Amino acid sequence: MAGNLAVPKTLTRFSLSTKILDLQSFTGHDLKNRSNIYNSIFNPESFYTSLLDRSTCRRHLNQIHSQIIVTGFQYNGYIVTKFIHVSSNVGEISYARQLFDEFPEPYVFLWNAIIRGYSKQNMFDEALMLYTRMQNVGVRPDCFTLPHVLKACGGAAAFEVGQAVHGQIFRGGFERDVFVQNGVVAVYAKCGRIDHARNVFEGLGGRTIVSWTSIISAYAQNGQPIEALRIFKKMRNYGLQPDWITLVSVISAYADIEDLGQGKSLHSCVIKMGLEFELDLRIALTTLYAKCGNVMIAKSLFDEMEISNVIMWNAMISGFAKNGCCNEAITLFQRMLSKNLRPDTVTVCSAILACAQLGSLEEARKMGEYIDNSEYRIDVFVNTALIDMYAKCGSIDLARKVFDQTKTKDIVVWSAMIVGYGLHGRAHEAINLFYLMKQAGVRPNDVTFIGLLTACNHAGLVEEGWRIFDSIRDYGIEPRYQHYACVVDLLGRAGCLERAYDFITKMPIKPGVSIWGALLSASRIYRHVELGEYSAQQLFSLDPCNTGHYVQLSNLYASVFMWSGVARVRVLMKERGLTKDMGCSMIEIEGKLHVFRMGDISHPRSNEIYKEHKRLDRRLKEAGFVADTDSALHDLSYEDKEESLCNHSERLAIAYGLISTPYGTTLRITKNLRACVNCHAAIKLISRLENREIVVRDSNRFHHYKGGECSCGDYW
DNA sequence: ATAGGGTTAG
């Protein structure tokens, strides 16, 4: 029977009581009255477990361990089980394993303890391996084993293993055990099989609050926050009170649908219940505020916590990144490193995302270097993020380098690279990669096609793009809104306006902002007033506060000299209290970001910058550059046409770049709007005259200017 | 007097 090995059951009074004194000194465990001492003396299991319960670090465990050996209890099942339990709790799983391995013929309690340990430490594969071994040596799992095993399946997202365990549950007669069944619900949820989870939940006889929490979080985790909240209401209708873990899932569901009002009222519930400093709830609330755009409150919730974990840091870092506070995100990541807190893959992916959004190649390189020297170098998710980052920061070559170094390329890796090529207008590379991918036996997904269509779009390959769109269904993928939007853009920008409109009317989904936006922008380029006005009408009702649409329409009118139209749009904007978005460009010099707005004179070296700017202008004129006056007319808020022609923010950034970097250095600029016709032509020429490569990331794509040409081939 | 179970958050 369990634990009845041939070992002494009690110690001598002398040997144990001296040990008690030693051990008390470090555990602070005061055995207050004599009966406790007596119990301890005559019941070593009780004595050791009460000591172990108070152990919080390896030092305690070491001392207890040596006492166990001295007193000859290293083969006592009760004590060793407890030891494994405690040491895995304090993160000393290898210590736990050592005791387990030294135990002759471990029985089910010991197996359970060690499997639990690995599962708790997120070492799911090891837990599952031990589970297999346990069965191989003929130890039958019991109803305590299964929840740990299920947790490991969930953590490893091992659906098939989970299903197999589910089968064993029936065969073992554990199907009535609510603990086990709750675990099954969670496994299916973590594997994304929400229907299986629901079935198990529906079949559950005596549901507990944990069962409800499991199914609510199952929906919340699988992108169905509304259904999660519906079930939550149903649970309340049964008169069940949520516990704090339920609230975690409910708050995260509200975060997903960005319902700050409901979220806030739950926040006050949390405070009323005195759960304000419960870390997991704090994390959910921080995420709620961050997702709803309230970074300041999120930050204060983060700051108030003295003790945080990685997940909290991740919530804050990605919260910053998602709100465009890229520098804050990166700074926080660095602070985490300087505090010797261990980031995990989610942390580094968020930090990489922040770099990608920031667009600074220098910052991106630093991040890349950090990853190269870290354990995350081989992680697929991290590599995917890196590919995306380098592509978005202007270096498609570095992106490709990471891509080539990524050993196991899944569909997301391939897609990231294809999307990267698309962003840079390298359509042929994108399509080539697509063929290589198919040769490698990887099935494309919807994102792959977004990348391909964008690539064709940026390169003006209409027929190629059309063929690709037509082939989407051959791969068993239903085209989404974004695919349709790509096609409209593709046709529109190539000047096939009627065909684009025809396509819109025939497509099976309702056109939204980006589709009408694409048609409007094409109508502006090709001066198609009728379609432009129609698209603008749709946009004004769908998205009345977006200034961009008004500017586009006004530019369209200006390009065909319909000044009354220009005036009408201006009035409309005034009525709605809208002003034109300010053009803004950034250039990074020696690790410092310099921001320029149109006509900006705030830079400390402003005088030199304008001097250089004038010099450039002269050189452009000497080279025969004629400003396209149309662009000046396009500009709604600028009355002074000449000034608007040459003071565009990217020109100032370039001027500054030229005077502050050695001859031949590539200039890298990020701007918030799309490139204007005039600047685009000017920068092409500057790249030749000044012999510089200039890389500009506009709000839509990259332009690589070199030797008087741009990678976009004047098509954007 | 004596060893174990489920649900959460990025």
Side-chain angles (χ1 to χ4, degrees), chain A residues 2-3 9-10 35-36 38-50 52-53 73 76-86 88-89 107-117 119-120 141-151 154 174 177-187 189-190 197 201 204 207-218 220-221 228 242-253 255 278-288 290-291 308-319 321-322 343-347 349-350 353:
Chain A
K9 192 98 166 106
T10 54
S35 77
N36 266 349
Y38 268 78
N39 285 342
S40 301
I41 291 165
F42 296 111
N43 301 289
E45 289 95 351
S46 161
F47 166 70
Y48 278 118
T49 53
S50 94
L52 283 162
D53 272 335
F73 282 94
N76 179 302
Y78 288 98
I79 293 171
V80 176
T81 300
K82 185 70 184 179
F83 196 101
I84 294 171
H85 194 91
V86 172
S88 54
N89 276 355
Y107 55 99
V108 67
F109 273 82
L110 286 133
W111 283 102
N112 288 351
I114 194 70
I115 290 172
R116 169 190 178 275
S119 185
K120 276 253 148 79
D142 64 12
C143 66
F144 289 88
T145 322
L146 293 164
H148 302 309
V149 174
L150 289 167
K151 188 178 160 91
F174 303 116
D177 188 319
V178 72
F179 285 78
V180 172
Q181 293 295 16
N182 292 340
V184 177
V185 172
V187 175
K190 294 232 165 71
F201 175 79
L204 219 49
R207 293 174 193 158
T208 65
I209 183 66
V210 179
S211 317
W212 286 95
T213 304
S214 300
I215 193 69
I216 289 169
S217 62
Q221 286 164 352
D243 69 2
W244 67 274
I245 298 185
T246 321
L247 290 183
V248 171
S249 286
V250 174
I251 291 171
S252 91
E278 196 63 60
L279 182 56
D280 295 356
L281 267 170
R282 221 1 117 102
I283 295 166
L285 286 167
T286 306
T287 311
L288 168 80
K291 276 200 180 151
S308 287
N309 60 12
V310 209
I311 299 179
M312 182 51 138
W313 283 80
N314 292 348
M316 200 59 239
I317 291 171
S318 73
K322 277 177 192 141
D344 64 8
T345 50
V346 179
T347 325
C349 285
S350 303
L353 176 74

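All values reported here derive from a predicted model rather than from experimental measurement. First the proteins, then the strands, lettered A, B, ... as listed; each starts at 1.
Among the nucleotides B:dG6, B:dA9, B:dG5, the one closest to any side-chain atom of A:Asn182 is B:dG6. Of the listed nucleotides (B:dA3, B:dG5, B:dT7), B:dT7 has the atom at the smallest distance from the side chain of A:Thr213. Distance from the side chain of A:Ser214 is smallest to B:dT7 among B:dG4, B:dA1, B:dT7. Comparing B:dG5, B:dA3, B:dT8 against the side chain of A:Thr49 picks out B:dA3 as the nearest. Of all nucleotides listed (B:dG6, B:dG4, B:dA9), B:dG4 comes nearest to the side chain of A:Phe144. Considering only the side chain of A:Arg116, B:dG5 comes nearest among B:dA9, B:dG5, B:dT8.
Between the side chain of A:Ser350 and the backbone N or O of A:Val346, at least one donor-acceptor pair lies under 3.5 Å.
Under 3.5 Å, the side chain of A:Asn43 and the base of B:dT2 form no donor-acceptor pair of N or O atoms. Side-chain atoms of A:Asn112 and base atoms of B:dG5 include no donor and acceptor less than 3.5 Å apart.
Using a 4.0 Å heavy-atom criterion, one finds that A:Trp313 contacts no nucleic acid atom at all. If you check every strand for non-hydrogen atoms under 4.0 Å, A:Ala113 touches nothing. Across all strands shown, A:Val80 has no heavy atoms under 4.0 Å from either base or sugar-phosphate atoms.
Regarding contacts with the backbone of B:dT8, a side-chain N or O of A:Lys190 is found under 4.0 angstrom from either OP1 or OP2. The side chain of A:Ser217 contributes an N or O atom lying less than 4.0 Å from OP1 or OP2 of B:dT8. For B:dA9, one of the phosphate oxygens OP1 or OP2 lies less than 4.0 angstrom from a side-chain nitrogen or oxygen of A:Gln221. Applying the 4.0 Å criterion to OP1 and OP2 of B:dG4, one finds that A:Lys82 has a side-chain N or O inside that range. Here A:Gln181 does not reach the OP1 or OP2 of B:dG6: none of its side-chain N or O atoms lies under 4.0 Å away.
Side-chain contact between A:Pro44 and A:Phe73: present, with at least one pair of heavy atoms (C-beta onward) separated by less than 4.5 Å.
Under 3.5 Å, the side chains of A:Asp243 and A:Thr246 contain a donor-acceptor pair of N or O atoms. Checking A:Ser214 against A:Asn182 by side-chain atom types alone, no donor-acceptor pair falls below 3.5 Å.
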